[in-house]
Amino acid sequence: MATNNTAADIQLLTVLVDSEDEDESEYRFLINGKDVKYVTVDPGVFPIKIRNFAPVLIPLLPPFPPGDWTEGHISKDPSTGHPVFSRTTNDVLPGVENIWHPTQVDHLELKKLERLRQNIHLVTHPLFSSPVVVKFAEFPWQISYYEAETIAYEWIEGSGIGPKFLGHLTEAGRVIGFILENIDGARTAELEDLEACQAALTRLHSLGIKHGDINKHNFLVRDGKAVLVDFETARNDGDKGELEAEYRRLEESLRDPSYRGGVGIIETDDCM
């Protein structure tokens with residue numbers, strides 16, 4: 001059953017779906033170019049093949065309720081079988097609390113150039129003279145990961161261990177991610193980059209910080225030098241044994257032929 005929803009007033013930003021349609025699907029929508037709504041959908045409400053295809057899905061959505069709300073849920077009307085909003089809430093959504101950098105940028109101010117990973121985009125903004133990278137939580141339940149990584153970037157600020165941290169990314173006033181320098185021309189590390197990766201990891205360990213996920217995709221190499229990224233599992237407890245063990249695993253990680261760490265798991269429409 002088609003509704004009066006149109007692509008002009010509803011934009012699908014992100015969707016997380018279960019391939020077997022046994023669990024709820026999760027959606028992040030932008031309404032009228034300014035309001036983000038998080039919507040869950042019961043299994044079986046929409047055909048499996050169109051759940052993450054915006055041009056077909058959006059006309060099938062029930063009318064979005066008016067008023068202030070942040071999260072909604074769609075289920076089938078028991079009497080008609082048509083999709084309906086069975087509830088909406090206006091709960092305060094979580095945000096990153098450790099706001100240590102003076103710069104904050106709203107996600108609506110960005111112009112996306114390229115999607116590097118599911119939740120990592122190359123963008124432009126008037127504050128920056130060249131493209132920058134943004135990494136952000138697509139759903140509120142992911143915020144804890146970005147809290148941890150934001151804290152880790154504060155630990156390494158000014159050390160050259162990772163990309164420069166340029167500010168916090170916001171949505172409706174809450175911090176959902178961060179902005180990093182774009183290391184143009186960098187590539188994923190290979191075994192031939194072992195020495196450069198060892199140097200980067202040694203600098204991190206000298207601060208008493210364990211990275212926690214040293215797969216080769218978390219080392220970016222340019223001009224013979226490596227920097228680390230993806231600090232969401234980093235810890236600064238300074239356990240010497242753990243640091244030494246992580247260092248010893250580095251060569252094995254660079255030899256790993258798999259693409260572990262190279263892609264995300266979220267199915268998403270190609271939108272910001």
Side-chain angles (χ1 to χ4, degrees), residues 5-16 26-39 52-59 61 64 70 93-96 98-140 142-143 145-147 149-150 153 157 162-188 217-218 220 222 227 229-232 262-272:
N5 291 323
T6 68
D9 55 29
I10 298 178
Q11 182 182 359
L12 177 59
L13 299 179
T14 313
V15 52
L16 174 60
E26 298 183 60
Y27 295 86
R28 179 175 178 248
F29 292 105
L30 181 66
I31 310 301
N32 296 325
K34 59 185 180 69
D35 297 317
V36 173
K37 308 290 187 183
Y38 293 91
V39 178
N52 60 343
F53 187 52
V56 177
L57 175 70
I58 289 176
L61 295 171
F64 274 54
T70 54
L93 300 179
V96 173
N98 184 23
I99 305 173
W100 59 270
H101 196 281
T103 300
Q104 295 188 34
V105 171
D106 188 87
H107 73 114
L108 294 176
E109 300 172 3
L110 303 174
K111 179 180 179 181
K112 189 178 76 170
L113 301 178
E114 182 181 355
R115 187 179 66 185
L116 304 177
R117 296 190 190 180
Q118 300 290 2
N119 58 337
I120 305 175
H121 296 175
L122 184 68
V123 302
T124 59
H125 187 275
L127 281 179
F128 308 109
S129 59
S130 58
V132 295
V133 172
V134 293
K135 184 175 181 180
F136 56 96
E138 296 166 302
F139 297 99
Q142 298 170 333
I143 285 293
Y145 302 114
Y146 294 86
E147 184 78 54
E149 192 163 10
T150 298
Y153 271 105
E157 173 71 358
K164 292 179 182 177
F165 190 98
L166 303 177
H168 303 281
L169 186 68
T170 66
E171 174 195 282
R174 68 188 182 101
V175 173
I176 63 168
F178 46 80
I179 308 161
L180 302 173
E181 72 167 322
N182 175 43
I183 305 178
D184 193 33
R187 58 174 174 78
T188 296
H217 301 283
N218 286 341
L220 300 181
R222 184 179 68 179
V227 297
V229 295
D230 289 359
F231 292 93
E232 59 262 32
V263 294
I265 61 170
I266 292 178
E267 298 181 36
T268 178
D269 185 67
D270 193 17
C271 301
M272 177 67 191

His121 side-chain N/O to Val123 backbone N/O, donor-acceptor pair under 3.5 Å: no

- request: Using atom types as modelled and distance alone, determine if a side-chain donor or acceptor of Arg174 lies under 3.5 Å from a backbone N or O of Pro94.
  value: yes

- request: For the pair Asn32 (side chain) and Lys34 (backbone), establish whether a donor and an acceptor sit closer than 3.5 Å, ignoring hydrogens and angles.
  value: no

- prompt: Are Ile10 and Ile31 close enough that some pair of their side-chain heavy atoms sits under 4.5 Å apart?
  reply: yes

message: So which atom in Gln104 and which in Ile99 form the shortest heavy-atom distance, rounded to 0.1 Å?
response: NE2-CG2, 3.5 Å

- prompt: Ile143 and Gly95: which non-hydrogen atoms are nearest, and at how many Å?
  reply: CG2-C, 3.7 Å

- request: Quick one: closest heavy-atom pair of Gln118 and Glu138, and the distance?
  value: O-OE2, 3.2 Å

query: Between Asp230 and Arg117, does a side-chain contact (heavy atoms from CB on, under 4.5 Å) hold up when you go through it step by step?
result: CA-CA 12 Å; Asp230 289 359; Arg117 296 190 190 180; 3.1 Å; yes

message: For Tyr153 and Phe165, take the angle between the two ring planes, folded into 0 to 90°, and tell me which bin it lands in: parallel under 30, tilted 30 to 60, perpendicular over 60.
response: tilted

statement: Scanning both residues in full, the closest heavy-atom pair of Asn182 with Pro131 reads CB-O, 3.4 Å

- request: Applying side-chain contact (heavy atoms from CB on, under 4.5 Å), run through Leu93 and Tyr38 and close with a yes or a no.
  value: CA-CA 10 Å; Leu93 300 179; Tyr38 293 91; 3.6 Å; yes

- request: May I ask you to test the Phe29-Leu12 pair for a side-chain heavy-atom distance under 4.5 Å?
  value: yes

query: If only atom types and distance count, is the side chain of His107 paired as donor or acceptor with the main-chain N or O of Leu169 below 3.5 Å?
result: no

- prompt: Hey, mind stepping through Lys135 and Phe178 against side-chain contact (heavy atoms from CB on, under 4.5 Å) and telling me if it holds?
  reply: CA-CA 6 Å; Lys135 184 175 181 180; Phe178 46 80; 3.8 Å; yes

task: Please tell me if the side chains of Thr103 and Leu166 come closer than 4.5 Å, counting only heavy atoms from C-beta onward.
output: no

Shortest non-hydrogen contact between Leu116 and Leu122, atoms and distance: CG-N, 4.1 Å

message: Quick one: does any side-chain atom of Glu26 pair with a main-chain N or O of Leu16 as donor and acceptor, under 3.5 Å?
response: no

- prompt: Between Tyr146 and Phe136, is there a donor-acceptor pair closer than 3.5 Å when you use the side chain of the first and the backbone of the second?
  reply: yes

task: Check whether any side-chain heavy atom of Asp9 lies under 4.5 Å from a side-chain heavy atom of Phe64, and answer yes or no.
output: no

query: Less than 4.5 Å apart, any side-chain heavy atom of Pro163 and any of Val229?
result: yes

- prompt: Short question: side chain of Arg222, backbone of Asp184 - any donor-acceptor pair under 3.5 Å?
  reply: yes

field: Qualifying residue for side-chain contact (heavy atoms from CB on, under 4.5 Å) with Tyr27, from Leu13, Thr14, Leu57
entry: Leu57

field: Side chain Gln11, main chain Gly33, donor-acceptor under 3.5 Å
entry: no

- request: Look at the side chain of Glu149 and the backbone N and O of Phe231, then say whether any donor-acceptor pair between them is shorter than 3.5 Å.
  value: yes

- prompt: NZ of Lys37: more than 12 outside heavy atoms within 6.0 angstrom?
  reply: yes

message: Tell me whether the count of non-hydrogen atoms from other residues, nucleotides or ligands lying under 6.0 Å of OH in Tyr145 goes above 12.
response: no

query: Where is the tightest heavy-atom contact between His168 and Ile179, given as atom of each residue plus distance?
result: O-CD1, 3.9 Å

